[in-house]
Amino acid sequence: MTHAPIELVAPQSAAIRRRTHPGRDSRSVLLLLSPAIAILGIFFGVPIIDLVVTSLSSWSGVGDRTFVGATNYVNLLGDSTAWSALTRSVTLGLGTAIGISIIATLLAALVSGGIAGSNIYRIVWFLPAIAPPSAVAVFWALSVQPKSGVVNAVLGAVGLGDDHAWLADPSTALGVVIAVAMWQGAGFAFLIILGAMEEVPVSTYEAAAIDGAGPIRQFFSITLPLVRPVLAMILLLESIWAFNGFTLAWGMTQGGPGDATTILPVQVYKDAFQSGNFGTAAAISVVGGVILLAVGFVGHWLGSRTAVDA
Amino acid sequence: MSRRRTVRVTTAAGQLWAILWSLLAAVPFVLIILLAFKSNTDIFTNPLGIIGVEWSPQNFAEAWTGPPGGQGFAGYLLNSAVVVIVAITGCVLLGAFTAYFATLASARVRTAVIRGFLAATTLPLIMLLIPYYTAFNAADVLSQPWALGVVYIAVCLPTCVLILHSFYLGFPPELREAAALDGLGIVRTFVAVVLPLSKGPIVAVAMVNGFFVWGETQLAIVLLQSPESRTIPVGLLDFQGQFGANTGAIFAGLTMATLPLIVVYLIFNRSIAKGVALGGVFR
Amino acid sequence: MNHSSLTRRRILFIAALASAATLVLAGCTSSKSTTDTNLTVQAQAAQLPAFQYAAKLLEKKHPGLKVKLQTVTEQQETTTNTQILASSNAPDVGIVKNNAQPYFDLMKAKKLIPLNDVWKSANLESRYGNTVATSLKWNGTPYLTMFDTTYYNVVFYNKTAFAKAGVTAPADHQIASNDDLYSMVAKLKTAGYDGLAVGGNAGYQLGWLVDAQLQANAPKAAFQDFLTSWQAGNRQKVKYTSSAFTDSLAQLSDWNKHGVFPAGFVAASGDQAQAQFTSGTAAMMIGGNWIPSVIKTQKFDYDWLLLPGAKDTPTVPSLYAGDTLAIPTASKNQGLAKEFLETYQSDDVQKYAAGKVGSLPAVSTVKAADVPGLGPIVQDIVGYASKKVGIGWTSTLPGSLGQAFVDAEAQKLLSGQVTVEQAGKDQQQQFETYKSQNG
């Protein structure tokens, strides 16, 4: 696979776009973009408005909503369970995203560096992303059980003891969820980062080698900086996905033991469906959503700025 | 001389990590298949045992007949297929369409559209349950797999658009200008010139979203009420009884559900790797 | 320009065709036949054969009637069933457990119909018995009928393991004291067995243990208050921070300190605990009358026993009278739905259910002794429970206050996250929040 010359693959410059006919095409372009915008509005916009309205009311899920103003939000401020859930989600999001980024970068470096067996690795390393999250949750919850689980069996064989009850210990339960989320997400990130790494032309590396830089030096001085925008985007997306991930945590621990793995979506589920407090649940969702929005916009702005600078 | 030695050492350590990670990635699949053959007791208390174990191949028969009250795995498979086909065709085509024309729009419109889709990804599915259920109920399309597919088009659209948009940003404008010179309108250009060249990323996006839709349970369990309409993961949930579950059958069902995905992946895997790499995603 | 307008027309045509096709498809797949009447009934997968039997009886009575059974999962029953039964497309008969959140939400929103006539014609007042009948009513009016009863907090033990460890089975199925329990567990451990397998993460098993303890330990007046203070209009007389409540939590903590439970039990699912028992790893497991019908015959003989209470008072099997059905107001076939309920309450169907799926009859007119299919162990349990039975606190209170809350709290207690006092405070706090929202 040859690399396209850098010039052709550079981002669109305003000059090129100006060469087309802005006036006429803008109208048809807007028309053509309207179905997607309509879908955004119907399937996301309306529910978000509905969500905000619910967060300002007291509602059991059926019947009428009673408007209570900002009471739910005020209550949230003093509610330690909601804050703990938020903190756990942040931990899960950051931990998963950072872990995935590090692992995926290392894996991509190995393959783009031409390690033997790269072709097989490309195939195998994406496999965890294929399994349905429910299967992943059931399997790993089983595998970390003391004595009988796979993980403990392996640890026992290596001599590290085989009766660690990872999911029963509140201090390690969230760590297990993070580890499993990393296992499942690393494959996708690996492919994306690998794609970006393979964009770097061979000539750049050759020039550096002539200058006397070893492979590790090349990695840190050439590869990483050029891959940075992609890395930033992956970090952002993975943290959003992990923050919002309900299926994995619920499937593995149902938020337990106690509430050691009750992340934000799990807390929302419990408030809404187990306690019938849709107002509180909506308020927590809105707070979480606002945080993610802020993170997302800042991240995207930072990412696009870096690209232009580079 | 020292440089060559460093390279070999790095390669040796690198190979070790590569092999370890490959084992970590692949062995769970082997184990899931192994567990699918075990009895409910052995799954929990002797998951790795191979010798002297009482095998329970009837798990697969039970999974195929499906839990009581359902209509069998074949029915679930059909429903899952309908949902995935509707969702992925719609999402990928509309996504590619939107992502491409967003690159043609003015910077203001483009940023607004992308920001809108980015905002959509931050919404947790769990809070969309109730509005979607109420809407489905009002439109009387509950328990219709194709309607669920339409919902998934919307749910998967943001990731489709975001990923493909980054790809189209790097699309050579010369091809577009050549087509314009030939007298092709923008839509015709898209269909005749751009689309055929974007096969790689489109296949990649289609597969990633396809895997998601195939295993999605949160929305499906609420929007597919009647047993005949259920998809595979929802149908398998019925193996969980009030006080206990037929875990062996669940694993057998999950194995049967994952195998087609692995087959599809192995057939198309080169497209994924190529598609994600071509043109550089996320610029 | 000609090309683009042609393309635009083509696109519009395709779009029109696509939407027409969708409408046709929608029309085809959602057509309702106008000649047959359809009755939709929710059922649990385990009891499905019995529901099918009742459905056939009803179909025979009404030619042209088609009864459709929809299975619901345990998770749905306690959560999203609220929305489903309140919607305009609700099934005609729904599973509305009387201690789960949907029941309370649906009653507050007035989405269930009263069933006085069903109770009268099926004579349920006397066939349920006084205590149960009262627990199924809302302000004196019944909105529920019960499809089976369950006894839980029965511990099953491995006779072979006991013999190997030199443990004598307790007299009259009752472990006399906590010291006895600890010495039993010590002997079992020496022989290589784990003690009492409990699914700490099952979401309800720790709540069961609390139920048995409360029944045995709390003074009568305090226990009565715990069972009723949550109801609208009632005032709390005994707080959950008092020792009447926290003693029972402390008992669980003591058991944990003495190693009664296997390692990692706080994260074990119910199936995990059951597998530990059936594989012979744990010598005992917590369960109820459905266990023999589920685990059937094993490589070892098993029998049942009861755990001791805090001050060495005996515990008794707890009654769960919450497997209940209701009819949503949105049902379009209320008459037929009521008939289905009556059919399921008939001795014929109750006897069939007991024999076929192992559920205990909901009505007193069918005796467990008359159903040989239940097996000797279950009949033994039922015989014992007919004389000594307890009310489950988590079986009575709404889930957000009872089962779901105390089970999570017990998990926190047993994994070292809270102390007994803190757990009591948390329970009291949850109660006060509930009261402020529900009167």
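Both backbone and side-chain heavy atoms feed into the values below; hydrogens, waters and symmetry mates do not. Not measured: the values here are computed from a predicted model. In what follows, chains are A, B, ... by sequence order, proteins preceding strands, each numbered from 1.
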Honestly, the part of B:Ile19 sitting under 4.5 Å from a heavy atom of chain A is both

Residue A:Leu142 versus chain B: region with a heavy atom under 4.5 Å: side chain

Counting only non-hydrogen atoms closer than 4.5 Å, does B:Leu129 touch chain A with its backbone (N, CA, C, O), its side chain (CB onward), both, or neither? side chain

Ranking A:Ile291, A:Leu51, A:Val136 by heavy-atom pairs under 4.5 Å to chain B gives rank one to A:Leu51

Checking heavy atoms, do the side chain of A:Ile120, its backbone, both or neither come under 4.5 Å from chain B? neither

Under 4.5 Å from a heavy atom of chain A, the part of B:Thr111 involved: neither

The interface call for A:Phe273 against chain B, heavy-atom contacts under 4.5 Å, is side chain

Atom CD of B:Gln15 and atom CG of A:Leu110: how far apart are they, to the nearest 0.5 Å? 8.0 Å

Is there a donor-acceptor pair closer than 3.5 Å between any side-chain N or O of A:Tyr121 and the backbone N or O of B:Trp21? no

Most heavy-atom pairs under 4.5 angstrom with chain A, which of B:Ala120, B:Ala257, B:Ala119, B:Gly95? B:Ala120

If I compare all heavy atoms of A:Leu33 with all of B:Ala102, which pair ends up nearest, and what's the gap? CD2-N, 3.8 Å

If we define contacts as heavy-atom pairs under 4.5 Å, which of A:Ile39, A:Ile115, A:Ile42, A:Thr54 has the most with chain B? A:Ile115

When the 4.5 angstrom heavy-atom criterion is applied to A:Val124 and chain B, the contacting part is both

Search all heavy atoms of B:Gly215 against all heavy atoms of A:Pro132 and return the closest pair with its distance. CA-CB, 3.9 Å

Once you round to the nearest 0.5 Å, how far does CG of A:Leu30 lie from OG of B:Ser106? 7.0 Å

CG-CG distance between A:Leu293 and B:Leu118, expressed to the nearest 0.5 angstrom: 8.0 Å

Against chain A, work out which of B:Ala25, B:Pro47, B:Ala18 has the most heavy-atom pairs shorter than 4.5 Å and name it. B:Ala18

Would you say that B:Ile250 contacts A:Val138 through its side chain, given a criterion of any heavy-atom pair below 4.5 Å between the two side chains? no

Roughly how far apart are B:Leu31 CG and A:Ser143 OG, rounded to 0.5 Å? 6.5 Å

Using heavy-atom distances under 4.5 Å, tell me whether A:Ala153 contacts chain B through its side chain, its backbone, both, or neither. side chain

At a 4.5 Å cut-off on heavy atoms, which part of A:Phe139 comes close to chain B: side chain, backbone, both, or neither? both

Chain B: which of A:Leu292, A:Leu264, A:Asn119 shares the most heavy-atom pairs with it under 4.5 Å? A:Leu292

Closest approach of B:Gln218 to A:Thr247 (non-hydrogen atoms, all atoms of both residues): NE2-OG1, 3.5 Å

With a 4.5 angstrom heavy-atom cut-off, could you sort out which part of A:Leu107 is near chain B: side chain, backbone, both or neither? side chain

State the CD1-CD1 distance between A:Ile130 and B:Ile262, to the nearest 0.5 angstrom. 6.0 Å

Quick check for you: among B:Trp17, B:Tyr132, B:Trp214, which has the greatest number of heavy-atom pairs under 4.5 Å with chain A? B:Tyr132

Which atoms of A:Leu127 are under 4.5 Å from chain B, going by heavy atoms: the side chain, the backbone, both sets, or neither? both

Contacting moiety of A:Ala109, where chain B heavy atoms sit under 4.5 Å: neither

Is it the backbone or the side chain of B:Leu24 that comes under 4.5 Å from a heavy atom of chain A, or both, or neither? both

Below 4.5 Å, heavy atoms only, C-beta onward: do B:Phe101 and A:Ser28 meet side chain to side chain? no

Please classify the contact between A:Trp241 and chain B as side chain, backbone, both or neither, with a heavy-atom cut-off of under 4.5 Å. side chain

If the plane angle is over 60° it's perpendicular, under 30° parallel, otherwise tilted; pick one for A:Phe126 and B:Tyr265. tilted

Is there side-chain contact between B:Pro131 and A:Val46, with at least one heavy-atom pair below 4.5 Å? no

Let me confirm one number: the OG1-CD distance from B:Thr45 to A:Gln145, rounded to the nearest 0.5 Å. 11.5 Å

Under 4.5 Å from a heavy atom of chain A, the part of B:Val151 involved: both

Which atoms of A:Ala272 come close to chain B, meaning under 4.5 Å heavy atom to heavy atom: side chain ones, backbone ones, both, or neither? neither

Using a 4.5 angstrom heavy-atom cutoff, name the option from B:Pro158, B:Ala26, B:Ser22 with the most pairs to chain A. B:Ser22

Are any of the side-chain heavy atoms of A:Trp183 and B:Pro28 separated by less than 4.5 Å? yes

Which portion of A:Ile103 sits near chain B, non-hydrogen atoms under 4.5 angstrom: side chain

Of all heavy-atom pairs between A:Phe43 and B:Ala154, which one has the smallest distance, and what is that distance? CG-CB, 3.2 Å

Taking side chain as C-beta onward, heavy atoms only, is B:Val208 less than 4.5 Å from A:Phe188? yes

Which bit of B:Ile114 comes within less than 4.5 Å of chain A, counting heavy atoms only: side chain, backbone, both or neither? side chain

Side-chain contact, heavy-atom cut-off 4.5 Å: A:Leu32 with B:Thr98? no

Any idea which heavy atoms bring A:Leu40 and B:Gly116 closest together, and the distance? CD1-C, 3.9 Å

Which bit of B:Leu261 is near chain A, if near means a heavy-atom gap under 4.5 Å: side chain, backbone, both or neither? both

Considering only heavy atoms, which portion of B:Phe251 lies under 4.5 Å from any heavy atom of chain A: side chain, backbone, both, or neither? side chain

Region of B:Ile43 in contact with chain A, defined by heavy-atom distances below 4.5 Å: both

For A:Ile240, which atoms come within 4.5 Å of any heavy atom of chain B: side chain, backbone, both, or neither? side chain

B:Phe29, part contacting chain A, at a heavy-atom distance under 4.5 Å: side chain

Of all heavy-atom pairs linking B:Thr121 and A:Asn244, the shortest is O-ND2, 3.7 Å

